[in-house]
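What follows is a set of notes on a single structure, which appears directly below.
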Amino acid sequence: MNQTNKPWEIEGLTEQEYNMIVDLLGREPNYTELGMFGVMWSEHCSYKNSKAVLRNFPTEGEVVLQGPGENAGIIDIGDNQALSFKIESHNHPSAIEPYQGAATGVGGIIRDIFTMGARPIALLDSLRFGFLDDEHVKYLFEEVVAGIAGYGNSIGVPTVGGETYFSNSYQGNPLVNAMCVGVMDHEDISTATASGIGNPVMVVGAATGRDGIQGASFASDELTDESEEDRPAVQVGDPFMEKLLLEASLELIKTGCLVGIQDMGAAGLISSASEMASRGETGIELDIDLVPKREEGMNSYEVLLSESQERMLVIPEAGKEDLVEQIFSKWDLNAAVIGEVTDDGMIRVLNKGKKVAEVPARILADDAPEYKRESKEPDYYNELKSFDIDSLFSIEENRLTRKDDIDYNNILESIITSENIASKSYIYEQYDHMVQINTVVLPGSDAAVLRIKGKDKGLALTTDCNSRYCYLDPERGGEIAVAEAARNITCSGGRPLAITDGLNFGNPMKPEIFWQFEKSIKGISKACQALNTPVTGGNVSFYNENPEGAVYPTPIVGMVGLLDKLEYATDQFFKNIGDLIILLGKTESELGGSQYLESIHGHVKGRIPELDLEKEKKIQETCLELIKAGFVKSAHDCSDGGLAVTLFESSIGNLKGADIKIESNLKAEELLFSETQSRIVISLAREDKEMVEELIGDSIEYQVIGEVKGERLKINNLIDIYIEELKTKWEEAIPLKLIK
């Protein structure tokens, strides 16, 4: 601290913030206190640049039991059961140390769930990388996937779904977002609150080391060429110890002696202590000497800010310390009393009997400055939106009845084998998605479906975000992320209930980035209100930039839905020869921002598809009604890549093709590859056609477009391909890129 006359800069604070701290304390902070403020007032912990905008989210609803503000959100799923779920990012650590960055991201989100009293039953992820023709990107990609697999497989929580996208915008700054879902009974719901004056404060789990110090501050700054030097800020995880911690924590919660419990994640002990005390309007006194340590000579700054993994802060009722120690000892884990709850609202830290820090808990946890950053529409926005797609076509006339000199089979193959559409089986085959034996619909369909043990109902889970859309139109892109997630839940037989969000953006100090952030939040909020899917919590990750610029705005939506009966579980794959294929919704001329435009013409440009949320809701309600009536054999959201890709993806599961004949006035490219929203492809038995049409009535537009037939996919006279051959190329696309 004495090496500069600007001590605040060491801790990532501004001079204005330092002066604010001095005013709040009535004195200058010492070295340890300044470190406490540095992490707690970082964007990662305080949300000082995002909090004002996040208040626009709809966070209440009839199913919401716990909204934002706790370790994770909780919703009611009936039968005295609740679902806890959340998504969080671990982007910067994964860019520097991809295996441990991804692994500890998984470990952290699992702790957030069992801290709420829920048993984790599923993991999902949402990943973004540069293109795989770059050797460093290949390294990041393989290590991140290995880290997720290594931690999730070892702890015994299945990774059942997710998404992976590739773009140059993520070169050098991958996005690694992990989502966890857990189930509990209502009476087991726990909170992270410190209450009861005189109650002991205990640290349980792993011993504290020097790993991860200032990790929260590291995550609140841009990556640079020098960021490799921040490798010590990346934590190291131990999934086997976390499994013990999970079981011990859930056992402790069941005893009913617990007042509060919180994961020691970002900013470690000081974050957990100050947030718990602030929620309870109490104080906490901590004795650093009593914290179990695995390294010699750790000072108070290091102990308070360490982000060593697999640790929790728990507050039991006074007199129950021995019970806590017995439970954790049984699981071979530390459990030590390190302080007590006080009535003065202060976080007081002792070291060798001396007071080394004393700061009001509320100032640390809740009184960080709140900024409304400058917002400015980027110069690129109107320029890219006004791109004339018709200028790419040499023939303006309708191409539905003749191919001319264009081979649409080759075009479809190019799109199918592009990194964004190609099979992600290389990824999810490394994950154990069957552990706990709850998985009903496996990875590779629209959403994962899990059974709820002992009940005739299930859960549908998905993560979604088209970041090209969010770059070209962040508000509508945010709307579409929610709508597509809900569509995926619906196609799987579920009723969409609520979302968690992982909001990944560049530097909020740049007006164009903050504009993207504001618009995305507006779009997500609008769609959540229309579809009745409130936001229960999530994560903001700013400063996702590399020396070349910011990542695409990437507001990931993690959504959960409920299957009222397990028999409603539906996948995307055609089942029987002769079944009819129906398109719910209508294809429009909407190639802007499409995978076709990027894969075939190299453009990320154009006006992205429109979204009518009322129409979207009716399409989803109709599809779900048909599923519940028992008519739907397969259902698949029509999105990335358009109708041709959707039909191919529906054909590959059982190697049953389709003969499609569509009447339309669209150009061939538009018919095949337009990404018009609010469309679902379903299949049904031929004899059910009349009843299905009667049920649909005039509520939505639809068209019988063909039948399940043979081993080829035929679309008018434009596409005629052998399914098995193209499936092989689709499956091999990513592995081949990795070995080149």
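In this text, all values refer to a predicted model and were calculated from it rather than measured experimentally.
- A donor-acceptor pair shorter than 3.5 Å can be found between the side chains of N91 and N544.
- Of the possible donor and acceptor atoms, none in the side chain of E242 sits under 3.5 Å from a partner among the backbone N and O of I155.
- Side-chain contact check for C257 versus L323: some heavy-atom pair is nearer than 4.5 Å.
- Around the CG atom of D188, the shell of radius 6.0 Å holds more than 12 heavy atoms that belong to other residues, nucleotides or ligands.
- Side-chain N or O atoms of E307 include one that pairs as donor or acceptor with a backbone N or O of A267 at under 3.5 Å.
- Counting non-hydrogen atoms of neighbouring residues, nucleotides and ligands closer than 6.0 angstrom, the NZ atom of K254 reaches no more than 12 such neighbours.
- Counting heavy atoms of neighbouring residues, nucleotides and ligands inside a 6.0 Å radius, atom NZ of K522 does not exceed 12 of them.
- Using a 3.5 Å distance cut-off with no hydrogens or angles, the side chains of S89 and N539 do pair a donor with an acceptor.
- Other residues, nucleotides and ligands contribute over 12 non-hydrogen atoms within 6.0 Å of the CD atom of E251.
- No more than 12 heavy atoms of other residues, nucleotides or ligands sit less than 6.0 Å from atom CD of E281.
- Annotation: side chain of M40 is in contact with side chain of S271 (closest heavy-atom distance under 4.5 Å).
- Between E545 and N507, the side chains place no donor N or O within less than 3.5 Å of an acceptor N or O (distance only, hydrogens not considered).
- Ring geometry for F517 against F514 counts as tilted: the plane angle lies between 30° and 60°, on a 0 to 90° scale.
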Notebook entry, point to check: Could you walk me through whether E33 and R27 pass the salt bridge (charged side-chain N to carboxylate O under 4.0 Å, His left out) check?
Noted result: CA-CA 11 Å; E33 292 168 339; R27 59 178 174 82; 2.8 Å; yes
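- Shown are V183, V560, L497; of these, the side-chain contact (heavy atoms from CB on, under 4.5 Å) with L459 is made only by V183.
- D289 contributes a side-chain N or O that, together with a main-chain N or O of K352, makes up a donor-acceptor pair within less than 3.5 Å.
- A donor and an acceptor atom, one from each side chain of Q309 and T104, are nowhere located under 3.5 Å apart.
- The environment of K48 atom NZ is dense: over 12 non-hydrogen atoms of other residues, nucleotides or ligands sit within 6.0 angstrom.
- In this structure, the side chains of M179 and I556 stay at 4.5 Å or more apart for every pair of heavy atoms.
- No donor-acceptor pair under 3.5 Å is formed between the side chain of R311 and the backbone N or O of T208.
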